[in-house]
Every structure is written in structure tokens, then in C-alpha cells.
Peer 1: 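Dumping the structure here so I can ask a few things about it.
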Amino acid sequence: MNYWLFKSEPGCFSFTDLKARPDMTEPWDGVRNYQARNFLRDEIKPGDLVLFYHSNIPEPVVVGIAEVVREGYPDVTALDPNGQHFDPKASRDNPVWYMVDVRYCQPLPRPVTLEQIKGNPLLAAMPLVKRSRLSIQPIAPGEWRIILIMGGVEQP
DNA sequence: GCCAACGTTGGC
DNA sequence: GCCAACGTTGGC
């Protein structure tokens, strides 16, 4: 079982939106970066846990936890010429892009800001801190535990 | 809104 | 295959 951090712009799709899903699952589509694609296609598995991060806002912040419920499968939004995420390189035979399904788990009692993460020397190795723009990032078990403790989760 | 970082594209 | 131009991300 592995840990991940998924970035989302809350104006586009927020943790509250995930919570509001009637069936409690959501396809994590629209990722168009090869490194992130490789994680989605090859490494992220059902049961893996995800830090839900809100980016591109005045105070970027980890707001909650989600769980992966379906492993990587073709992101068909790349095939829709009228869609936001259309990619002419993608086809049914060669999907190029992949997505997973996630389910709402729980919010952090105290959301952990990027500022707090940057202020913790134990978290200095996180891609987030190194200013990577990577939208899907692996999280080490130790980092996971620290962030959950910072977030006020009783039994991380 | 600015701009640095960085990923992608395309001419050669 | 190099690398300049360009586009996007995302913190500030």
C-alpha cells in the first residue's frame, strides 16, 4: 500500500466536491503530464491513500484524505475533441493518458498549509517543497504520518 | 497579475 | 538529438 499527494485547483474540483459525490467515487481525469501518467497507469493501486491538496490559491493547503478505489484505466476525456482535455495523440488503441477512481475518506481536522510543510525540516524531501509542479506525487510513509499528525488526525 | 520553473514542441 | 521558443503551472 502506497501514499500519494494529488493536486487540485479547488475552483476546478475541490475536496468538498468529492465529498458531495452521490456514489462517493470520482474519476481523477485530465492529468496530462507523463511522469504523473506513469504513476496513475503503473503504480497507484486500490487501497492506496491520497492527500488531497488544493493548489493555485492564496494559501495552498492539504485539506483531506481520499482512497484509491480503481487502478489506472484509459482517460477517455482525451478522445473528446470538444473537451477541455482533448489530446489528438490519444486513440482507443493508444489511450496515452490514464486515470484512477478515488473515494472521499476524511477531512483533516486542521488542514496543513504549504507554509507549515515548508517549515518542517522532516518534510524537506517532498516534491511539493522542492517546487515541483508535479500534480501526482509519491509520499513516504514517514511523511504521511507527520502530515496527518500536523493535521490533527488522532490515529494516523 | 507577475514571473520562475519546467515540460513540450518543432526546426534544423 | 540539440536547443530555442513557447506554453503551463502554481507560489507569491
Side-chain angles (χ1 to χ4, degrees), chain A residues 2-21 26-44 48-68 71-102 104-105 107-140 142-153:
Chain A
N2 290 307
Y3 300 105
W4 307 92
L5 180 144
F6 286 13
K7 289 186 191 176
S8 181
E9 298 187 24
C12 186
F13 184 78
S14 72
F15 193 59
T16 307
D17 295 331
L18 180 65
K19 185 178 183 179
R21 293 287 299 181
E26 175 71 17
W28 200 271
D29 62 19
V31 172
R32 296 292 178 267
N33 167 283
Y34 285 104
Q35 198 179 350
R37 188 280 309 270
N38 292 346
F39 288 136
L40 290 168
R41 187 189 57 188
D42 304 331
E43 297 195 42
I44 301 178
D48 285 2
L49 295 174
V50 172
L51 293 175
F52 200 114
Y53 178 81
H54 282 170
S55 69
N56 230 334
I57 49 173
E59 186 164 68
V61 64
V62 177
V63 288
I65 300 168
E67 180 183 359
V68 177
E71 69 178 2
Y73 61 105
D75 180 352
V76 292
T77 65
L79 303 178
D80 174 9
N82 300 315
Q84 283 259 310
H85 303 298
F86 177 63
D87 183 348
K89 292 192 299 296
S91 66
R92 296 235 169 252
D93 287 345
N94 179 29
V96 184
W97 304 111
Y98 284 75
M99 57 187 174
V100 299
D101 287 355
V102 297
Y104 175 87
C105 239
L108 296 187
R110 295 190 303 271
V112 179
T113 64
L114 179 60
E115 190 180 17
Q116 285 176 277
I117 290 171
K118 284 184 165 179
N120 188 330
L122 297 173
L123 302 176
M126 288 177 62
L128 200 61
V129 175
K130 292 187 280 187
R131 292 202 71 218
S132 166
R133 301 181 314 179
L134 191 58
S135 59
I136 305 279
Q137 308 182 359
I139 299 287
E143 294 165 346
W144 174 270
R145 188 175 167 78
I146 289 165
I147 291 172
L148 261 56
I149 290 169
M150 290 167 78
V153 175

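Residue numbers begin at 1 in each chain, while the letters A, B, ... track the order of the sequences. Side chains included, hydrogens not; waters and symmetry mates left out as well; all remaining heavy atoms used. All values reported here derive from a predicted model rather than from experimental measurement.
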Peer 1: So where does chain A start and stop touching DNA chain B, 5' to 3', when the test is distance under 4.0 Å to a non-hydrogen atom?
Peer 2: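 Endpoints of the contacted stretch of DNA chain B: B:dA5 to B:dT9.
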Peer 1: Is the distance between the ring centroids of A:Trp97 and A:Tyr73 under 6.0 Å?
Peer 2: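 Aromatic pair excluded; centres sit 6.0 Å or further apart.
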Peer 1: Evaluate the salt bridge (charged side-chain N to carboxylate O under 4.0 Å, His left out) criterion for residues A:Asp42 and A:Arg37: first the C-alpha distance (whole Å), next the side-chain angles of each, then the deciding distance (0.1 Å), finally the verdict.
Peer 2: CA-CA 8 Å; A:Asp42 304 331; A:Arg37 188 280 309 270; over 6 Å; no
Peer 1: With under 30° as parallel and over 60° as perpendicular, where do the rings of A:Phe52 and A:Phe13 fit, or are they tilted in between?
Peer 2: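 It falls in the tilted class, 30° to 60°.
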Peer 1: Identify, between A:Lys130 and A:Asn56, the residue whose nearest nucleotide on DNA chain B lies closer to the 5' end.
Peer 2: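 Per heavy-atom nearest nucleotide, the more 5' residue is A:Asn56.
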Peer 1: For A:Leu79, enumerate each residue passing the side chain to side chain contact (heavy atoms under 4.5 Å, CB included) test, keeping only those at least two apart in sequence or located in another chain.
Peer 2: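 So A:Leu79 forms a side chain to side chain contact (heavy atoms under 4.5 Å, CB included) with A:Val76, A:Ala90, A:Arg92.
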Peer 1: Quick one: side chain to side chain donor-acceptor pair (under 3.5 Å) pairs with a partner in residues 111-128 of chain A, sequence neighbours left out?
Peer 2: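 Sorted result for residues 111-128 of chain A: A:Thr113-A:Gln116.
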